[in-house]
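One structure below.
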Number of protein chains: 2
Amino acid sequence: MARFGNNLKAKEPVKASIHPSASDSRKLIHEALERSEAILIVGVCEILYKGRASSTLGSGERIVIITKDKALLIHRSCGYRAVNWQPAGCNFRVEKTSEDRLEITAVRMKPLESVKISFDRIYLTCVLDLIDESKICLYASESDMQKAILHRPSLIEDGFAPITSEKEMPTGFVDILGRDKDGNYTIIEIKRGRATREAVMQLARYVEVFRKENPNTRGILVAESLARGAERALASLNLGFKRLSPKKCSEMLREVEKNEAKEIKDYF
Amino acid sequence: MARFGNNLKAKEPVKASIHPSASDSRKLIHEALERSEAILIVGVCEILYKGRASSTLGSGERIVIITKDKALLIHRSCGYRAVNWQPAGCNFRVEKTSEDRLEITAVRMKPLESVKISFDRIYLTCVLDLIDESKICLYASESDMQKAILHRPSLIEDGFAPITSEKEMPTGFVDILGRDKDGNYTIIEIKRGRATREAVMQLARYVEVFRKENPNTRGILVAESLARGAERALASLNLGFKRLSPKKCSEMLREVEKNEAKEIKDYF
DNA sequence: TGCTAAATCTCGAAC
DNA sequence: GTTCGAGGTTTAGCA
């Protein structure tokens, strides 16, 4: 951690003010916004959103977060999703509208929209000077599946040979284009989870277009599993399916990477 | 607010513990979980996620929220999206793993997955007994647009007459099916924001299938605006476009509701 | 319970 | 800057 790595005395990363007055809270928030520090507020508020859509939310006790990059999050005591929000890059206005009331407005310019939070009461205002330089590493994404297939085409079927990936077509991008052991063009559409009817339609469009030039073209949907409707659609459109687990692909890739590193190490 | 409405002395809704020891933090969190209160933690942690996918995130200062309904949210100092999370209904385990280390694990049963947070240091632990009974009201959704069109079909064009909505087809559900002033079947696909090529393709599929039975079938895409690719696709597929604002639809609906209420009132 | 489609989707990469 | 597609998508509605 940068904060502790150099043995200098750490600056206090959390300044908490419990039951602050509206004035104090306004001052803390205003200064934190100026310095681009994160802010955490717990209190009783009403919320108005106007923009692409609009929403109203009556009084309730909520958690409000403003991030360093000026995103806004309002969380209720239940549920994973924020009840109101704005993505990063907002302009904030903080106003004391009466002795005990504080109003925070986040304005996004494009598209023009705003979220207004009117606090009746503030229980807690924290200014957070958080340091967080780590990068998140995510495994078993769709692109891991694509890489795995390109690296070991037999994951699809024996004799499959990729030609290109991300080939552009009039209706979008084909995940993988290749030929099967009989020389037929084969279009691969990858979905990491349960493939829906929509995914089948996407594959069908590519195959349809490609067949105009190359009649002997097959389509194979690759996914962890198939939704009912997708199964029916595949059958009626005469397209193939290959079950493939994103986790298995990711594990295989990491194994490959390890071996490659080893080979390089062995080489020197 | 329920908390203040009855003039009883309010229970303190926020218990904040600044720089708690791992033991104290563990105790606070454990009790809050038992009582289904919300929890807010700020500290230095590493995170491991394993489940449908998997992720690792090295040490950093973050905000952790556990909600009353046992959802988990981990926010970084930047960005709107949580970096790791679990939806409501998790089982939590809180363990002190060494003098200064605290480990919180959220386990979701279906699908089986887990998020493990290892705290090196905790700056703040808050137990939040939040009351929030308000319902959020959201306007200008896609279904508002559909309702508005069904209520006033001339929003599409003069003489348009809806037959059904949400009609099932082999390839999906048609938003609105109707006839135009010349008796042609007309399929309406609605998007609330900017319509993409994907939306045009969806409409094209419906029209294509429907034309097999009824050659005189038109397709109209209804949206706030059109992406470039969507525009091209519409032109080449000979489909129509009608610009319609979700906000306008929502306003119209509320006007209609008001008048209906008035009519009923006038009647009695 | 499973499936389908929307979302104030957001986010990132490619053009 | 716009467009396009993925996402650990989540969530709500309906069969």
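Both backbone and side-chain heavy atoms feed into the values below; hydrogens, waters and symmetry mates do not. Lettering follows sequence order; numbering is per chain, from 1.
- Backbone-only engagement by E142(B) is indicated by non-hydrogen atom pairs under 4.0 Å involving sugar-phosphate atoms exclusively.
- A donor-acceptor pair is defined here as one N or O able to donate and one able to accept, closer than 3.5 Å; such a pair exists between the side chain of E113(B) and the backbone of R52(B).
- Rounded to whole Å, atom C1' of dA6(D) lies 14 Å from atom NZ of K147(A).
- Counting non-hydrogen atoms under 4.0 angstrom, S141(A) reaches the backbone sugars and phosphates but no base.
- When heavy atoms are screened at a 4.0 angstrom cut-off, Q86(B) is found touching base atoms of the nucleic acid.
- The aromatic ring of Y49(B) sits over the base of dG8(D), with ring centres less than 5.5 Å apart and planes inclined by under 30°.
- A nucleotide of DNA chain C counts as in contact with chain B when one of its atoms lies under 4.0 Å from a heavy atom; the first and last such, 5' to 3', are dG2(C) to dC11(C).
- The phosphate of dT9(D) (OP1 or OP2) has no side-chain N or O of W85(B) nearer than 4.0 angstrom.
- Among the heavy atoms of the strands lying under 4.0 Å from E113(B) is at least one base atom, whether or not backbone atoms are also near.
- Looking at heavy atoms from C-beta onward, I176(A) lies out of side-chain contact with V222(A) at the 4.5 angstrom threshold.
- For N214(B), the CG atom counts as densely surrounded, since its 6.0 Å shell holds more than 12 non-hydrogen atoms of other residues, nucleotides or ligands.
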Take E255(A) and R152(A), measure what salt bridge (Lys or Arg N to Asp or Glu O under 4.0 Å) needs, and give me the verdict at the end.
CA-CA 12 Å; E255(A) 200 62 38; R152(A) 192 180 297 174; over 6 Å; no
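- Against DNA chain D, the stretch residues 219-231 of chain A makes no heavy-atom approach under 4.0 Å.
- The heavy-atom pair separating D175(A) from I190(A) by the smallest distance is OD2-N, 2.8 Å.
- Residues Y206(B) and L177(B) fail the side-chain proximity criterion, which asks for heavy atoms closer than 4.5 Å.
- Going from the C1' atom of dT10(D) to that of dA6(D) covers 14 Å, rounded to whole Å.
- Counting heavy-atom neighbours within 6.0 Å of K70(B) NZ, excluding the residue itself, gives a total above 12.
- Two residues, T196(A) and I136(B), neighbour DNA chain C, and the one matched to the more 5' nucleotide by heavy-atom proximity is T196(A).
- Note on R81(A): every side-chain N or O is 4.0 Å or more away from OP1 and OP2 of dT11(D).
- Looking at heavy-atom distances under 4.0 Å, K50(A) makes no contact with the nucleic acid at all.
- At a cut-off of 3.5 angstrom, counting only N and O atoms as typed in the model, there is no donor on one side facing an acceptor on the other between the side-chain of E198(B) and the base of dG5(D).
- Taking atom NZ of K191(A) as the reference point, atom P of dG8(D) lies 13 Å away to the nearest angstrom.
- V256(B) has its side chain within reach of M252(B): a pair of non-hydrogen atoms, C-beta onward, lies under 4.5 Å apart.
- Using P as the reference atom, dT4(C) and dT8(C) are 22 Å apart when rounded to the nearest Å.
- Look at CG on L112(B): it is 14 Å from C1' on dG8(D), rounded to the nearest Å.
- Between the C1' atom of dG8(D) and the CG atom of L48(B) lies a distance of 14 Å, rounded to the nearest Å.
- Nearer to the 5' terminus of DNA chain D, by closest-nucleotide assignment, is the contact made by V83(B) (compared with the other of V83(B) and A88(B)).
- Taking a cutoff of 4.0 Å between a charged side-chain nitrogen and a carboxylate oxygen, K68(A) and E61(B) do not qualify as a salt bridge.
- Whole-Å rounding puts the M145(A) CE to dG8(D) P distance at 14 Å.
- dA6(D) atom P lies 15 Å from atom CG of L138(A), rounded to whole Å.
- Of the C1' atoms belonging to dT9(D) and dG5(D), the separation is 13 Å, rounded to the nearest Å.
- Defined by atom type and a distance below 3.5 Å, a donor-acceptor pair is present between the side-chain atoms of S225(B) and R194(B).
- Among the heavy atoms of the strands lying under 4.0 Å from G172(B) are primed sugar atoms or P, OP1, OP2 only; no base atom is included.
- One finds a side-chain N or O of R197(B) lying less than 4.0 angstrom from the OP1 or OP2 phosphate oxygen of dG5(D).
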Between K191(B) and E198(B), does the salt bridge (Lys or Arg N to Asp or Glu O under 4.0 Å) criterion hold? Intermediate values first, please.
CA-CA 11 Å; K191(B) 291 294 164 200; E198(B) 199 66 18; over 6 Å; no
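- For the pair D175(A) and K110(A), both in contact range of DNA chain D, the more 5′-proximal nearest nucleotide belongs to K110(A).
- Remark: P of dA6(D) and CG of D144(A) are 15 Å apart, rounded to the nearest angstrom.
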